[in-house]
J.: 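Dropping the structure in here first, questions after.
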Amino acid sequence: MPQPARVRFAPSPTGFLHIGGARTALYNFLLARQTGGQFLLRIEDTDQKRLVPGALENLLASLRWLGLQWDEGPELGGPNAPYLQSQRKEIYRAHADELIARGSAYPCFCTPARLTELRTRQQQRKEPPRYDGLCRRLTPAEAEARRLAGEPHVVRFKMPHEGATSAVDVLRGEITVQNKDLDDSILLKTDGWALYHLAAMVDDHLMEITHVIRSSEWLPSLPLHAMIHRAFGWDEPLWCHLSVFLKPSGKGKMSKREGAELMKEGHSVFVHDLRELGYTPEGVVNWIALMGASFDERQDVFSLQELVERFSLDHLTPAPAAVNFSKADHFNGVHLRRLAPEELARRMRPFFEKAGLAAEEDLLGRIAPLVQERMVTLEDGVEMAGFFFREQVIPAGSDLVGKGMTPQASADAVHAASEILARHPDLADPALEVELRALAERLGLKPGQLFGILRAAVTGQTVSPPLFGSMAIIGRAKVLARLAAAESTLRAM
RNA sequence: GCCCCCAUCGUCUAGCGGCCCAGGACGUGGCCCUCUCAAGGCCAAAACACGAGUUCGAAACUCGUUGGGGGCACCA
């Protein structure tokens with residue numbers, strides 16, 4: 001049994017949960033569950049200016065919808081509370097002071113204007129943009145005096161000028177960077193708020209995080225983060241940087257810009273959109289789990305529990321992965337088909353209601369087996385089975401005419417079929433199909449011709465669930481009424 | 001511009017020196033099943049980026065090239 005892992009998902013509430021974040025959360029969750037450890041949720045909201053209203057609520061709701069319940073975090077608390085960084089300001093400030101005292105950080109009094117100018121000059125000279133170390137050269141006494149005088153300042157990390165720094169990423173091995181290529185990053189802003197580099201490292205240590213599983217966007221700052229841990233004298237967590245998601249074309253990072261375009265084709269990168277489009281948590285989880293990973297040589301359909309059992313960091317790939325939405329459809333269809341009919345009915349109901357159809361759950365439960373293997377999303381159920389819940393259907397006249405037939409012959413066929421149906425008190429009687437097939441033969445029609453007409457008449461659609469199962473559910477009275485209506489439409493043509 | 005990372009079918013991947021003239025899945029094409037549409041079954045096309053090494057042997061190891069991605073904020 002491996003050591004219990006304490007991991008965390010630490011989003012910033014600057015937007016809604018997207019599939020990239022969801023996958024990061026998933027992997028953290030899986031490792032925690034598999035090892036009997038804890039999955040923490042920490043909100044990185046130190047930049048108050050960037051907060052987006054509703055983002056936090058969306059994050060929590062989306063995570064829960066996916067089934068990724070955290071063990072410690074917002075709304076739950078825990079031994080390391082608070083889990084909102086905005087409530088931990090003093091902790092970071094104290095740690096920044098400690099770093100200064102240890103000689104690993106220093107106050108910097110440079111104004112934003114000076115820094116902007118510095119950067120502009122460096123770019124003109126094609127030099128890498130880097131702090132020039134002006135305040136680093138201040139004597140401790142001088143710096144302390146200016147600090148006590150209340151002069152506005154930030155706190156910077158004192159990056160060594162010589163040597164190199166190495167850190168190990170679980171998926172990539174040792175990564176080494178020359179220290180001269182690193183900057184004296186700001187840890188604490190003028191307003192006293194910590195930046196990610198400080199806040200996240202301090203919290204990860206205080207919360208006893210064992211594995212930092214995060215987006216590979218953080219890879220370039222891994223040396224800095226490792227050095228911050230070392231400067232405090234702390235043990236480092238295991239670092240694991242996940243590949244980024246690319247656009248379906250494979251060109252460029254998946255962005256929110258793409259979102260609007262995708263929505264038009266019934267896809268989205270946002271978890272709440274996926275939910276509204278009729279995707280299931282099972283489908284989404286399966287889909288994102290396998291983007292950039294493989295957990296079994298022969299199997300690719302997994303429940304959350306199966307993923308918990310098979311998950312392993314060694315099965316993750318470091319290369320960027322292009323998002324493939326047709327695969328989302330596939331996995332969603334598979335998981336839809338795995339649902340018990342009653343469960344499928346329960347999940348479809350809100351979509352019928354949204355479409356203005358009062359769908360009772362027990363009736364939906366009888367319909368479910370008929371539509372289950374034809375659905376990609378829950379939304380599809382409405383299009384496929386809406387006719388069950390409408391008083392009447394209005395088929396297009398052209399759909400009522402049998403293939404290669406005249407309206408007259410079609411009307412006659414409907415009439416003859418009605419007579420047969422009228423003799424059956426129970427439309428679920430298997431003999432019904434036998435009789436109607438015999439009718440088709442008598443009329444010189446192929447079964448498909450006759451059934452096509454009846455399908456249009458009864459469902460109002462050219463594509464529908466199986467005809468006989470559908471008629472049995474609709475009931476004899478309604479079926480006969482719809483056939484009568486169809487016949488008169490045909491007679492009038 | 002500088003730094004870092006990555007590189008097997010269109011896409012996600014298996015492969016951790018001989019089991020590979022490379023396996024699976026999605027998608028695509030064909031056939032079967034069939035009352036429509038699906039689902040399901042069978043079959044097919046489809047890849048080791050390139051060049052040098054190392055080795056008896058390289059998809060696997062090393063270096064280079066090319067290509068792709070990420071980062072270089074008082075954002076995260």
Side-chain angles (χ1 to χ4, degrees), chain A residues 10-15 44-47 49-50 108 110-112 115-116 119 122-123 125-130 152-156 169 171-172 175-178 181-183 185-191 193 195-197 199-200 214-223 241 243-244 246 248-253 287 290-301 314-315 317-331 333-334 337 371-376 380 384 433 436-437 440 446-456 459 461-468:
Chain A
S12 139
T14 52
E44 314 235 320
D45 57 351
T46 52
D47 188 2
K49 291 189 298 290
R50 297 207 316 150
C108 171
C110 294
T111 62
L115 297 176
T116 307
R119 209 161 17 238
Q122 287 167 329
Q123 274 162 0
R125 279 185 260 148
K126 301 237 188 268
E127 287 169 10
R130 216 94 76 194
H153 63 278
V154 300
V155 174
R156 286 182 184 273
D169 174 80
L171 306 184
R172 286 160 261 254
I175 290 165
T176 303
V177 177
Q178 298 302 313
D181 291 325
L182 265 18
D183 203 1
S185 300
I186 294 176
L187 303 177
L188 210 63
K189 296 191 274 183
T190 305
D191 61 11
W193 285 98
L195 251 19
Y196 178 91
H197 300 310
R214 59 183 358 181
S215 157
S216 67
E217 284 157 0
W218 292 113
L219 210 46
S221 39
L222 173 59
H241 293 85
S243 61
V244 292
L246 269 26
S249 62
K251 303 279 177 203
K253 190 166 77 154
W287 176 48
L290 262 40
M291 293 185 63
S294 157
F295 298 110
D296 191 297
E297 290 214 29
R298 305 182 311 279
Q299 187 185 340
D300 51 18
V301 174
D314 332 311
H315 290 145
T317 50
V323 172
N324 182 342
F325 286 99
S326 58
K327 219 152 183 166
D329 289 345
H330 171 254
F331 282 122
V334 169
R337 271 170 251 133
V371 295
Q372 192 155 24
E373 63 193 28
R374 288 156 233 276
M375 300 168 62
V376 168
D380 293 341
M384 192 95 53
E433 180 170 348
L436 284 175
R437 282 182 185 278
K446 291 191 168 164
Q449 286 177 294
L450 176 61
F451 297 160
I453 299 169
L454 299 181
R455 163 173 291 106
T459 70
Q461 304 169 182
T462 54
V463 172
S464 83
L467 181 60
F468 293 94

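Chain letters run A, B, ... following the sequence lines, proteins first and then strands; every chain starts at 1. Hydrogens, waters and symmetry mates play no part in the numbers below; they use all other heavy atoms, side chains included.
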J.: May I ask you to evaluate whether K49(A) reaches the phosphate of C75(B), defined as a side-chain N or O under 4.0 Å from OP1 or OP2?
T.: yes
J.: Given that both distances must come in under 3.5 Å, which nucleotide forms a Watson-Crick or G-U wobble pair with A60(B)?
T.: none
J.: Across all strands shown, which nucleotide pairs with C2(B) by Watson-Crick or G-U wobble geometry, both distances under 3.5 Å?
T.: G71(B)
J.: Can you check whether T317(A) has a side-chain N or O nearer than 4.0 Å to OP1 or OP2 of C6(B)?
T.: no
J.: Surrounding NZ of K446(A) (heavy atoms of other residues, nucleotides or ligands, distance under 6.0 Å), is the total greater than 12?
T.: no
J.: To the nearest 0.5 Å, how far apart are CG in L290(A) and CG in D300(A)?
T.: 6.0 Å
J.: Got a donor-acceptor contact below 3.5 angstrom from the D329(A) side chain to the V376(A) backbone?
T.: no
J.: Could you run down nucleotides 25-38 of chain B 5' to 3' and tag each one B, S or - for protein heavy-atom contact under 4.0 Å?
T.: BBS-------BBBB
J.: Which part of the nucleic acid, if any, lies within contact of V154(A), taking any heavy atom under 4.0 Å across all strands shown: a base, the sugar-phosphate backbone alone, or nothing?
T.: base
J.: Pick the P atom in A60(B) and in A52(B), then give their distance to the nearest Å.
T.: 14 Å
J.: Can you tell me the pairing partner of G29(B) across any strand shown, Watson-Crick or G-U wobble, with both distances under 3.5 angstrom?
T.: C43(B)
J.: Could you please name the partner base of U65(B), counting Watson-Crick and G-U wobble pairs only when both distances are under 3.5 Å?
T.: A49(B)
J.: Provide, to the nearest angstrom, the distance between the CG atom belonging to D314(A) and the C1' atom belonging to G15(B).
T.: 15 Å
J.: Looking at C9(B), which nucleotide sits across from it as a Watson-Crick or G-U wobble partner, both distances under 3.5 angstrom, or is there none?
T.: none
J.: For S464(A) versus R455(A), what's the shortest heavy-atom pair and its separation?
T.: OG-NE, 2.8 Å
J.: Do the side chain of W287(A) and the main chain of N324(A) share a donor and acceptor less than 3.5 angstrom apart?
T.: yes
J.: Just how far, in rounded Å, is C1' of C74(B) from CZ of R156(A)?
T.: 8 Å
J.: Write down the partner of U55(B) under the Watson-Crick or G-U wobble criteria, each distance required to be under 3.5 Å.
T.: none
J.: Might you work through the side chain to side chain contact (heavy atoms under 4.5 Å, CB included) test for R172(A) and S216(A), ending with a clear yes or no?
T.: CA-CA 11 Å; R172(A) 286 160 261 254; S216(A) 67; 4.2 Å; yes
J.: From CG of D380(A) over to P of A39(B), roughly how many Å is that when rounded to an integer?
T.: 11 Å
J.: Look at the side chain of D296(A) and the backbone N and O of R298(A), then say whether any donor-acceptor pair between them is shorter than 3.5 Å.
T.: yes
J.: Determine: side-chain N/O of K189(A) to OP1/OP2 of C75(B), distance under 4.0 Å, yes or no.
T.: yes
J.: Distance check, C1' atoms only: G10(B) and A45(B), in whole angstrom units.
T.: 12 Å
J.: Distance between the C1' atoms of C19(B) and C43(B), in whole angstroms?
T.: 26 Å
J.: Given the C1' atoms of A46(B) and U54(B), what is the spacing between them in whole Å?
T.: 32 Å
J.: Which base sits across from C20(B) as a Watson-Crick or G-U pair, both distances under 3.5 Å?
T.: none
J.: If you apply the rule side chain to side chain contact (heavy atoms under 4.5 Å, CB included), what do you find for L436(A) with L454(A), and how did you get there?
T.: CA-CA 10 Å; L436(A) 284 175; L454(A) 299 181; 4.2 Å; yes
J.: Between C1' on U13(B) and CG on L171(A), what's the gap in Å once rounded to a whole number?
T.: 15 Å
J.: For R130(A), does its backbone N or O pair with a side-chain atom of Q122(A) as donor and acceptor, under 3.5 Å?
T.: yes
J.: Whole angstroms only, please: what is the CD-C1' distance between Q178(A) and C4(B)?
T.: 12 Å
J.: Return whichever of E217(A) or T111(A) has its heavy-atom-nearest nucleotide of RNA chain B closer to the 5' end.
T.: E217(A)
J.: A321(A) side chain: which of A7(B), G70(B), C12(B) is closest?
T.: C12(B)
J.: Within less than 4.0 Å of OP1 or OP2 of G71(B), is there a side-chain N or O belonging to K253(A)?
T.: yes
J.: What's S216(A) touching, base or sugar-phosphate or nothing? Going by heavy atoms closer than 4.0 Å.
T.: sugar-phosphate
J.: Using whole Å, what does the distance between atom C1' of nucleotide C75(B) and atom CG of L188(A) come to?
T.: 15 Å
J.: Remember a base hit wins even if backbone is also touched, and classify G252(A) as base, sugar-phosphate or nothing at under 4.0 Å, heavy atoms.
T.: sugar-phosphate
J.: Name the residue closer to the 5' end of RNA chain B, choosing between E127(A) and P318(A) according to the nucleotide with the nearest heavy atom.
T.: E127(A)
J.: Using whole Å, what does the distance between atom P of nucleotide C74(B) and atom CG of L115(A) come to?
T.: 6 Å
